[in-house]
Trainee: 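Submitted below is the structure of interest, expressed as structure tokens.
Heavy-atom basis, side chains included; hydrogens, waters and symmetry copies ignored. On a predicted model such as this, the values are computed, not experimentally measured, just so you know.
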Amino acid sequence: MKHIPTHLLTALFLSTLTTFAESLAKGSYDPSWASIAPTRVIQHTQADGDALVKAVAALQPGDRLEIAAGTYTVDRMWDIGVSGTAEAPIWIVAAKDAQVVITRGDAKQNVVNVGSERRVSYLCLRGIEITGGSHGLRLHQCSEVWIDQCHIHHTGEVCLSANSADTRRLFLTRNHNHHGGGHGEGMYLGANNGEHIMSESVIALNHIHDCKGEQGDGIEVKHGSWGNLIAENDIHDTQYPCITVYGTAGKPVNIIERNLCRRSADNVMQVQGEAIVRNNLLINGGGAGFSSTDHQGKSLNLQVIHNTIIN
């Protein structure tokens, strides 16, 4: 495989993105409720995992919990089950300039679950570092949930998953995911054969790399998931494709655009069908630069336009 110099990668990437990025308003990938101010700000300064769990469980619509710097170890099964409203979301964030690390001492449970016991909506988790455990962050019964600027890494299984319940209007933005264990995906969204689907969600501006577990896709969107936007992600050094997207089972298509994907040991990008794939830069794969095959459904209704593929 011929090595593509870094300066050439950068030039090609910028030439692909510039005209499109200029047309995007700031925050265009954020939920409609992103600018709503909290009604109460709570400072959490006790660097103790159990205390943090209790503080989160007590949150009410409109609350913003700002977590002080520290390492918070939670060795129980932790499920965040609080919900805000469209007019009063709940915010769980790192305090300004604080490094907040949430972890656990073994891989018997996920580090953080959201919506395992009840549906969660209008919740934002921002600026948190999550490491260890089984899955780093697992989203269950979720809609209008925003995961933003989190750092999820060195987990026992997938870094971030949403494959145990139907999810809708997830916003997964500006996260840094890497070195997941087990199957090793950076993001695993939806379940096999459409058992659980993710719909009308945004996966954008994430940096995902070193996905080299037993499988190791960067972003994987399973069959039946529909109407999703996968845009402007930087994904590299994966065992399986940087981006893998299945079909929608006849529902509205997924859009995959303006992503930078490189150095996959497999196909760089693999999309079954029922999708628009445009303006991506795909470089250096162990297989094809771009591939489409039948898998849990037929390859159909696929547009692949204006991409740059170098392999």
Trainee: Using a 3.5 Å cut-off and no angle test, enumerate the donor-acceptor pairs between side-chain atoms of residues 133-141 and protein atoms at least two apart in sequence or in another chain.
Mentor:
residue	atom	partner	partner atom	Å
His135	ND1	Ser161	OG	2.7
Arg138	NE	Asn163	OD1	3.3
Arg138	NH2	Asn163	OD1	2.9
His140	ND1	Ser164	OG	2.6
His140	NE2	Asn113	OD1	2.9
Gln141	NE2	Gly115	O	3.3
Gln141	NE2	Ser116	O	3.3

Trainee: Can you name the side-chain contact (heavy atoms from CB on, under 4.5 Å) partners of Cys261, sequence neighbours left out?
Mentor: Cys242, Ile243, Asn259, Val268, Met269, Leu282
Trainee: Do side-chain atoms of Glu274 reach the backbone of Ala249 as a donor and acceptor pair under 3.5 angstrom?
Mentor: yes
Trainee: Under a 4.0 Å threshold between the charged nitrogen and the carboxylate oxygen, would Lys108 count as salt-bridged to Asp75?
Mentor: no
Trainee: Please enumerate all residues that pass ring pair (Phe, Tyr, Trp, His ring centres under 6.0 Å) together with His154, with sequence neighbours excluded.
Mentor: His178, His179
Trainee: Could you list the donor-acceptor pairs under 3.5 angstrom formed between side-chain atoms of residues 185-193 and any protein atom two or more places apart in sequence or on another chain?
Mentor:
residue	atom	partner	partner atom	Å
Asn192	OD1	Lys222	NZ	2.8
Asn192	OD1	Gln296	NE2	2.8

Trainee: With rounding to the nearest 0.5 angstrom, report the SG to CG distance, Cys150 to Asn175.
Mentor: 5.5 Å
Trainee: Once salt bridge (Lys or Arg N to Asp or Glu O under 4.0 Å) is applied, do any residues pair with Lys251, and if so which ones, sequence neighbours excluded?
Mentor: none
Trainee: List for me each residue that meets side-chain contact (heavy atoms from CB on, under 4.5 Å) alongside Asp237, sequence neighbours excluded, and say none if there are none.
Mentor: Asp210, Lys212, Arg263
Trainee: Would you confirm whether Asp266, through its side chain, and Gly285, through its main-chain N or O, come within 3.5 Å as a donor-acceptor pair?
Mentor: no
Trainee: What residues form a side chain to side chain donor-acceptor pair (under 3.5 Å) with Glu144, not counting sequence neighbours?
Mentor: Trp33, Arg169
Trainee: I'd like to check the ring pair (Phe, Tyr, Trp, His ring centres under 6.0 Å) partners of His223; sequence neighbours left out, ordered by chain and number.
Mentor: none
Trainee: Please confirm whether Arg126 makes a cation-pi placement over Trp146, using NZ or CZ under 6.0 Å from the six-membered ring centre and within 45° of the ring normal.
Mentor: yes
Trainee: Once rounded to the nearest 0.5 Å, what's the spacing between atom SG of Cys124 and atom CG of Asp30?
Mentor: 9.0 Å
Trainee: Do Asp48 side-chain atoms and Gln46 backbone N/O form a donor-acceptor pair below 3.5 Å?
Mentor: no
Trainee: Spell out, as yes or no, whether a donor-acceptor pair under 3.5 Å connects the side chain of Arg119 to the backbone of Cys142.
Mentor: yes
Trainee: What pairs with Ser292 under side chain to side chain donor-acceptor pair (under 3.5 Å), at least two apart in sequence or on another chain?
Mentor: Ser299
Trainee: Show every salt bridge (charged side-chain N to carboxylate O under 4.0 Å, His left out) that has at least one partner inside residues 276-285, sequence neighbours left out.
Mentor: Glu257-Arg278
Trainee: Please enumerate all residues that pass side chain to side chain donor-acceptor pair (under 3.5 Å) together with Asp63, with sequence neighbours excluded.
Mentor: Arg40
Trainee: Would you please name every residue forming a side chain to side chain donor-acceptor pair (under 3.5 Å) with Ser291, sequence neighbours left out?
Mentor: none
Trainee: Roughly how far, to the nearest 0.5 Å, is the CD1 atom of Ile147 from the CZ atom of Phe171?
Mentor: 11.5 Å
Trainee: Using 4.0 Å as the upper bound for N to carboxylate O, is an ion pair formed by Asp106 and Arg104?
Mentor: yes
